[in-house]
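Side chains included, hydrogens not; waters and symmetry mates left out as well; all remaining heavy atoms used. Note on naming: letters A, B, ... go to the chains in the order of the sequence lines (proteins, then strands), and numbering restarts at 1 for each one. These numbers come from a predicted model, not from an experiment.
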Amino acid sequence: MISFVHRFHGHSSLRYVYKNGQAVRSRLMTIKAIDNPHRKIARIAVVVSKKVIKSAVSRNRIRRRIYEYVRLQLPELREAQDIAIIVSSSEVLTMPYDELSECLKQLFIQAKLYKSSHS
RNA sequence: ACAGUUUGUCAGGUGAUCGCUUAUGUUUACAUAAGAGGAAAGUCCGGGCAGUGUAGGGCAAUGACAGUCGCUAACGGCGACCGGGGGCGACCCUAGGGAAAGUGCCACAGAAACGAAACUACCUUGAAAAAGGCAAAGAUGAAACGAGUGAGGUAAGAGCUCACAGCAUUCCACGGUGACGUGGCGUGAAGGUAAACCCUGUCAGCUGCAAGGAGAUUUGCAUUAAGGGCGGCCCGUCCGCAGAUCGAUACCCGCUUGAUCAAGUAGGCAACUACUUGACUAGAUAGAUGAUCACCCACGACAGAACCCGGCUUACCGAUGAACUGUCACU
RNA sequence: GCGCGAGUGGCGGAAUGGUAGACGCGCUAGCUUCAGGUGCUAGUGUCCUUCGGGACGUGGAAGUUCGAGUCUUCUCUCGCGUA
C-alpha cells in the first residue's frame with residue numbers, strides 16, 4: 001500500500017482528475033493524469049470497479065499489485081501531479097508480475113509521468 | 001475389514017530485504033508493540049446505542065410467530081421432551097393452534113365436488129310410457145358422501161340390527177411440571193384446503209452511525225388559540241411557523257473494555273448460569289496485512305472488518321481427533 | 001454501509017392456484033408486384049419419436065397443494081434510491 005501523503009483525500013479531488021485529466025488507454029487499464037500546481041507531492045489512486053471482478057479479495061489484490069509497482073517507481077515520477085489508474089480487465093489479477101510491470105512502464109511513458117531528465 | 005451416522009479442532013509455516021495503518025517513546029526520522037474471518041459474506045431475524053415528544057395509556061390498521069417445558073438482554077434462535085414421518089440400525093426430518101365461529105375455492109372428467117341428490121343398475125306397480133322405493137355395485141377423478149369384514153334382515157337394499165376389528169372423543173383412574181401416554185365405562189360419524197380469507201393467543205411506535213454530537217444572525221407571517229410534530233385516531237404531553245445568509249466539510253468526536261475472551265470450580269440431562277483468577281486482542285476513512293526470494297510439507301479452499309454484539313442461512317481444498325451403528329471374519 | 005425493487009419466447013410485455021406464452025415488434029414461408037416496399041394469410045421454445053404422441057421448459061433448489069409462472073423458505077443475477 002502507498003503512503004498516506006500520496007493518497008487522494010475526499011471524492012471531489014478525484015472527480016476533478018476524472019473530468020479533466022489526460023487519458024492514456026491500454027487493453028488492461030486507463031491512466032488519467034493532470035498537473036496540480038497547488039501540491040508538492042504526487043497523488044496516486046488505483047480504482048477497480050465491482051464490474052471488473054466481484055470478489056473483494058481479488059479487487060484488493062489487483063490494487064496491491066499495482067500500488068507495489070507504483071511505490072518502487074515513485075522517486076522517478078514528477079511531483080505536483082494527480083494520477084488515477086482505472087483497471088478495466090480481470091487479467092491483471094492472474095498475469096505474471098514481469099508482464100504487468102512492463103505494461104505499466106509503457107503507459108507511464110506515454111502519459112509523461114516521469115521526470116523530464118529521465119525521459 | 002468394509003459400509004455408514006453424529007460431532008469437535010485447524011485453515012500453511014519459518015527466515016531475509018523493501019513497504020502500509022495504529023499506539024507508545026525519543027525526536028522529525030528511527031525504535032518497540034499490535035494488526036481481518038469461521039463464515040468478516042447474504043442482510044434473513046433479534047438486541048444494544050442514537051435521534052424522534054417523558055415513546056406513556058387505549059383503539060384501529062399492518063406485519064411476524066404458533067406442540068410442551070426450559071435457556072436467553074432478546075429472538076422467528078438454542079436445548080430437552082411429546083406427537084407425526086423415514087431408516088435393519090447409529091440417527092435424521094418435521095411452518096406441529098383452530099376446518100362442529102363464519103366465508104371462499106375444489107379446473108378437466110364425471111350422474112353428482114359438499115347442499116345432498118340419483119345417470120346406469122337393482123326392486124315393486126304397469127301392456128308400455130312412466131311412477132314409487134333403494135343407495136350395496138359401476139365408469140370418472142387428486143378426492144365420491146366417508147366405519148371395514150362377516151352374519152342377520154328385506155320386494156330390493158342400507159349401521160337398519162348384531163358380533164369382531166379400526167378411528168375420534170366426553171368423563172373417570174394412574175403416571176408426568178406439561179405437551180401427552182396407558183387403562184376403563186360410555187358416546188359418536190366429522191371430505192380436503194388456513195404457505196385461501198379468517199378466528200384464537202403472543203410480540204412489535206418509527207427511523208437508522210450517511211443515526212447523532214451545532215447552531216448563529218436576519219426577514220416575513222401569527223399574537224394566545226389556531227396550527228404543528230418521524231405512519232392513523234383518541235387521551236395525555238411538548239412546541240410559535242416559514243424563508244434567506246453565514247458557519248463546518250481528508251475535520252474531530254461517536255470508534256471500540258465488551259450480554260468480551262481464556263482457564264478453573266460449582267449447579268443443570270442439556271441449552272446455559274454463578275463465582276474466582278488472568279488477558280486487552282484491528283479501528284482504517286477512496287479505506288491499512290502486501291511484493292520479491294529461499295527452504296519444508298499435507299502443495300494452500302471459500303473468502304477481506306467499516307458502529308457493536310447474539311443467532312440463522314449460504315460458500316469451502318483438505319488435514320485430523322472423538323463417540324456410535326450395521327454386516328462379515330477370527331478369538 | 002443502509003434501505004428497496006425486478007427476473008416469463010429472439011426483444012418488449014400479459015396471464016384469478018387449473019391446457020404457459022395474450023398482445024405488439026422481429027424472423028420464416030406463401031400470395032399480391034416487372035422488382036422492392038406496403039398489404040393479406042399461415043407458421044415460429046428445446047429434445048426424443050414407431051409421426052399417434054411423449055418428456056422438459058417462467059433465473060436456480062426445496063416445500064405447501066390433487067395441481068405452482070402465481071403461495072412459503074433459501075439462493076443466484078441484475079437494477080434503483082440514499083452523501
Next on the checklist: Tell me whether A:Lys105 is salt-bridged to A:Glu102, with the criterion being a basic N under 4.0 Å from an acidic carboxylate O.
Outcome noted: no
Item to check | Straight-line distance of A:Ile31 CD1 to A:Leu104 CG, nearest 0.5 Å | outcome: 6.5 Å
Next on the checklist: Can you identify which nucleotide, out of B:C18, B:G287, B:A36, has its nearest atom closest to the A:Arg71 side chain?
Outcome noted: B:C18
Next on the checklist: Regarding B:G304, can its base be found pairing with the side chain of A:Arg64 as donor and acceptor, where the two atoms are less than 3.5 Å apart?
Outcome noted: yes
Item to check | Nearest-angstrom distance from the residue atom CD1 of A:Ile62 to P of B:G304 | outcome: 13 Å
Checklist entry - When you compare B:A66 with B:G96, how far apart are their C1' atoms, in angstrom units rounded to a whole number? => result 9 Å
Checklist outcome for this item: Rounded to whole Å, the OH-P distance (A:Tyr69 to B:U292) equals 14 Å
Item to check | Distance, nearest 0.5 Å, that separates CZ of A:Arg65 from CG of A:Asn60 | outcome: 14.0 Å
Checklist entry - Expressed as a whole number of Å, how far does the P atom of B:A99 sit from that of B:A194? => result 12 Å
Checklist entry - Is the base of B:G183 syn or anti, where syn means the angle lies within 90° of 0? => result anti
Checklist outcome for this item: With syn meaning chi within 90° of zero and anything else anti, the base of B:A36 is syn
Checklist outcome for this item: With syn meaning chi within 90° of zero and anything else anti, the base of B:A303 is anti
Checklist entry - Can a side chain N or O of A:Tyr67 be found less than 4.0 Å away from OP1 or OP2 on B:G287? => result yes
Item to check | P spacing across the pair B:C49 / B:A259, given as an integer number of angstrom | outcome: 10 Å
Checklist entry - Rounding to the closest angstrom, what is the interatomic distance between B:U313 and B:C272 at atom P? => result 16 Å
Checklist entry - Using the C1' atom in both, what is the distance from B:U27 to B:C296, to the nearest Å? => result 43 Å
Checklist entry - Is the glycosidic angle of B:G240 within 90° of 0, making it syn, or outside that range, making it anti? => result anti
Checklist entry - Has the side chain of A:Arg78 got a donor or acceptor atom that lies under 3.5 Å from a matching backbone atom of A:Asp35? => result no
Checklist entry - Starting at the 5' end of RNA chain B and moving along, which residue's nearest nucleotide shows up first, A:Ala56 or A:Ala45? => result A:Ala45
Item to check | Whole angstrom value for the distance that separates P of B:G19 from CZ of A:Arg63 | outcome: 20 Å
Item to check | Length of the CZ-C1' vector between A:Arg61 and B:A303, whole Å | outcome: 14 Å
Item to check | Rounded distance [0.5 Å steps], CG in A:Leu113 versus CD in A:Gln22 | outcome: 11.5 Å
Next on the checklist: In whole Å, measure the gap between the P atoms of B:A90 and B:U6 for me.
Outcome noted: 13 Å
Item to check | Rounded distance in Å - CZ (A:Arg59) to C1' (B:A303) | outcome: 12 Å
Checklist outcome for this item: Ranking A:Val57 and A:Leu72 by the position along RNA chain B of their nearest nucleotide, the one closer to 5' is A:Leu72
Next on the checklist: Checking understanding here: a glycosidic angle within 90° of 0 is syn, the rest anti, so what is B:U281?
Outcome noted: syn
Next on the checklist: Taking A:Ile109's backbone N and O only, do any of them form a donor-acceptor pair with A:Tyr114's side chain (distance below 3.5 Å, no angle check)?
Outcome noted: no
Checklist entry - Rounded to the Å, how far apart are A:Ile66 CD1 and B:U292 P? => result 13 Å
Next on the checklist: Between B:G304 and B:G38, how far apart are the two C1' atoms, rounded to whole Å?
Outcome noted: 13 Å
Checklist entry - Roughly how far apart, to the nearest Å, are B:G192 and B:G181 at atom C1'? => result 30 Å
Checklist outcome for this item: From NE2 of A:His6 across to P of B:A250 the rounded distance in Å is 20 Å
Checklist outcome for this item: Between CD of A:Glu68 and C1' of B:A288 the distance, given in whole Å, is 14 Å
